[in-house]
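Notes for the one structure printed next.
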Amino acid sequence: MGNNFSRWCLTTNGPPSRLQSSAWTTAFQIFVSIFTQRFPHDSPALIKYGSVVRDLAAQSANWRFYDENFRHLRQEQQIS
């Protein structure tokens, strides 16, 4: 599998759907449980990241904007 395991790109066949914060949290927890089996040292950072997104959603802030931009910037850093 090599390093490609940590570079994921998700696409949809239809128009993008909006995730509710609770759906995002559930999906994120599933992702963390799978990802950390291979990369356990990333657990604290992922837990913190999930906490930030959850706090933003609780404050009615634009958590989706934060999430999408953070992942985009992270992906650019991995490519460089």
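Just so it is clear, the structure is predicted and the values come from calculations on it, not from any experiment.
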Heavy-atom pair with the smallest gap, counting every atom of P40 and S43: O-OG, 3.0 Å
Under 3.5 Å: donor-acceptor pair, side chain of D67, backbone of W63: no
Once you round to the nearest 0.5 Å, how far does [atom1] of [X] lie from [atom2] of [Y]?
{"X": "D42", "Y": "I47", "atom1": "CG", "atom2": "CD1", "value": "11.0 Å"}
{"X": "Q29", "Y": "L46", "atom1": "CD", "atom2": "CG", "value": "12.0 Å"}
{"X": "Q77", "Y": "R74", "atom1": "CD", "atom2": "CZ", "value": "7.0 Å"}

Parallel, tilted or perpendicular, as decided by the 30° and 60° cut-offs, for the rings of F28 and F31: tilted
Any donor-acceptor N or O pair under 3.5 Å, side chains H72, E68: no
